[in-house]
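To start, the structure under review is shown below, and the notes come after it.
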There are 2 protein chains.
Amino acid sequence: MNEKQTAVIFKAFCDENRIKILKLLMGGEKCACRLLEEMSFTQPTLSHHMKILCESGIVQGRKEGKWVYYSISADGISKAQEYLDFLKNE
Amino acid sequence: MNEKQTAVIFKAFCDENRIKILKLLMGGEKCACRLLEEMSFTQPTLSHHMKILCESGIVQGRKEGKWVYYSISADGISKAQEYLDFLKNE
DNA sequence: CACACATATAGAATTTTGTCAATACGTTTA
DNA sequence: TAAACGTATTGACAAAATTCTATATGTGTG
């Protein structure tokens with residue numbers, strides 16, 4: 001994994017609002033509209049953050065009719081964990 | 001740990017150049033001047049990145065005479081790992 | 001003490017990121 | 001089919017991050 005790809009993964013965690021979104025998703029899968037209720041910015045901004053979270057692999061989206069349900073991806077987190085393990089044990 | 005503090009920790013990993021610096025530090029403690037040789041930016045820019053890495057707790061600096069030796073902090077990485085564990089197991 | 005060297009800080013320029021309003025797209029429902 | 005609803009995209013703007021040059025600070029050396 002190169003430097004750029006690693007940075008993309010961790011982009012998920014370097015913004016305060018995205019950490020808050022992840023906190024909300026810890027309670028389980030949530031639809032975008034429910035996340036929006038808890039955040040203090042507009043719908044396009046949420047959409048932007050969800051894109052970054054999905055690109056990082058830490059979050060996954062599932063479309064169902066009009067709604068998109070987001071949840072935390074254990075596999076995505078594992079990738080991040082592998083990097084930290086690697087960094088620690090050398 | 002609040003959202004802001006978490007974001008500060010992970011700032012270490014969300015820039016390509018900082019990932020490269022961490023990679024260099026994986027080989028063991030290195031002085032700033034040696035890191036600078038490997039990077040393709042100026043000395044003040046390195047200084048800036050090292051400040052962010054130290055503030056995140058992922059890197060620690062040790063001053064010796066004119067030189068500053070930087071190394072990876074296992075404790076810092078553990079903090080990041082704790083957060084990822086927390087995120088995963090809910 | 002004066003100079004050289006390693007690093008840090010200040011301030012400015014540039015680039016990237018976060019945000020919003022407007023609008024497009026896709027799906028459901030009347 | 002038209003309207004309503006949830007989400008994504010576009011484009012503009014503001015804020016933050018990255019980078020540079022110039023300079024300051026601190027430390028060792030002649």
Side-chain angles (χ1 to χ4, degrees), chain A residues 2-25 28-73, chain B residues 2-25 28-73:
Chain A
N2 67 28
E3 288 90 12
K4 204 163 212 164
Q5 291 172 317
T6 304
V8 167
I9 292 173
F10 287 96
K11 282 253 187 328
F13 308 110
C14 67
D15 177 88
E16 214 177 325
N17 283 319
R18 288 197 286 274
I19 297 288
K20 193 175 170 190
I21 291 168
L22 290 172
K23 201 173 189 176
L24 292 168
L25 291 180
E29 190 183 62
K30 281 196 180 53
C31 136
C33 56
R34 294 238 356 239
L35 293 173
L36 187 58
E37 286 171 9
E38 305 290 334
M39 305 301 295
S40 49
F41 47 56
T42 62
Q43 181 272 319
T45 298
L46 178 68
S47 204
H48 170 247
H49 284 302
M50 297 322 291
K51 196 173 184 180
I52 290 170
L53 285 168
C54 287
E55 281 168 357
S56 77
I58 300 299
V59 166
Q60 57 203 353
R62 178 176 68 83
K63 204 172 176 186
E64 192 177 314
K66 290 190 288 188
W67 297 273
V68 181
Y69 291 92
Y70 291 102
S71 58
I72 290 175
S73 161
Chain B
N2 68 27
E3 288 90 12
K4 204 163 213 162
Q5 291 172 316
T6 304
V8 167
I9 291 174
F10 286 96
K11 282 252 188 323
F13 308 108
C14 68
D15 177 86
E16 214 178 322
N17 284 317
R18 288 195 287 272
I19 297 288
K20 195 176 171 192
I21 293 168
L22 290 172
K23 203 174 188 175
L24 292 169
L25 291 179
E29 190 183 62
K30 281 195 180 54
C31 132
C33 55
R34 294 237 0 236
L35 293 173
L36 186 58
E37 286 171 11
E38 305 288 334
M39 304 301 295
S40 49
F41 46 54
T42 62
Q43 179 272 320
T45 298
L46 177 68
S47 202
H48 169 247
H49 284 302
M50 298 321 292
K51 194 173 184 182
I52 290 170
L53 285 168
C54 287
E55 281 169 357
S56 76
I58 300 300
V59 166
Q60 57 202 352
R62 178 177 69 81
K63 205 173 175 183
E64 191 176 313
K66 289 191 287 187
W67 297 273
V68 180
Y69 291 91
Y70 291 104
S71 58
I72 290 174
S73 160

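Each chain gets a letter, A, B and so on, in the order its sequence line appears, and its residues count up from 1.
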Full working for side chain to side chain contact (heavy atoms under 4.5 Å, CB included) between Leu22(B) and Leu53(B): CA-CA 9 Å; Leu22(B) 290 172; Leu53(B) 285 168; 4.0 Å; yes

Check ion pair Glu64(B)-Arg62(B) (N to O, under 4.0 angstrom):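 Answer for the salt bridge query: yes.
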
Got a second to check how far Phe13(B)'s CZ is from Ile19(B)'s CD1, nearest 0.5 Å?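 That separation rounds to 6.5 Å.
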
With rounding to the nearest 0.5 Å, note down the distance linking CD1 in Ile21(A) to CG in Leu46(A).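 Answer for the CD1-CG pair, Ile21(A) versus Leu46(A), is 5.5 Å.
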
Scan residues 39-67 of chain A for pairs that pass ring pair (Phe, Tyr, Trp, His ring centres under 6.0 Å), counting only residues two or more places apart or in two chains.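 Checked against ring pair (Phe, Tyr, Trp, His ring centres under 6.0 Å) - neighbours excluded - the pairs reaching residues 39-67 of chain A are Phe41(A)-His49(A).
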
Return the value, rounded to whole Å, for the distance between atom CG of Leu46(B) and atom C1' of dA8(C).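 Interatomic distance, CG of Leu46(B) to C1' of dA8(C): 11 Å.
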
Could you list the residues that satisfy side-chain hydrogen bond (donor to acceptor under 3.5 Å, both in side chains) with Glu38(B), not counting sequence neighbours?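 Checked Glu38(B) against side-chain hydrogen bond (donor to acceptor under 3.5 Å, both in side chains); zero matches.
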
Using the test side-chain hydrogen bond (donor to acceptor under 3.5 Å, both in side chains), find all partners of Thr42(A) that sit at least two apart in sequence or belong to another chain.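 For Thr42(A) the side-chain hydrogen bond (donor to acceptor under 3.5 Å, both in side chains) partners, ignoring immediate neighbours, are Thr45(A).
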
Lys30(B) side-chain N/O to Leu24(B) backbone N/O, donor-acceptor pair under 3.5 Å: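 Side chain of Lys30(B) to backbone of Leu24(B), a donor-acceptor pair under 3.5 Å: yes, one is there.
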
Just by distance, do the side chain of Lys11(B) and the backbone of Cys14(A) share a donor-acceptor pair under 3.5 Å?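 Yes, because the side chain of Lys11(B) sits within donor-acceptor range (under 3.5 Å) of the backbone of Cys14(A).
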
Met50(B) versus Leu25(B), closest heavy-atom pair with distance: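 Closest approach of Met50(B) to Leu25(B), heavy atoms only: CE-CD1, 4.5 Å.
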
Report, as a single string ordered 5' to 3', how protein heavy atoms within less than 4.0 Å touch nucleotides 25-30 of chain C: B base, S sugar-phosphate only, - not at all. -BBS--

Along nucleotides 9-19 of chain C, 5' to 3', which nucleotides get a B, which get an S, and which get a -, given that the test is a protein heavy-atom distance under 4.0 Å? B-------SSB

Hey, where on DNA chain D does chain B first and last touch, going 5' to 3'? Cut-off is any atom under 4.0 Å from a heavy atom.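 The contact span of chain B on DNA chain D goes from dA17(D) to dG28(D).
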
What does Tyr69(A) touch in the nucleic acid at a heavy-atom separation under 4.0 angstrom: a base, only the sugar-phosphate, or nothing?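 Tyr69(A): no heavy atom of the nucleic acid under 4.0 Å.
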
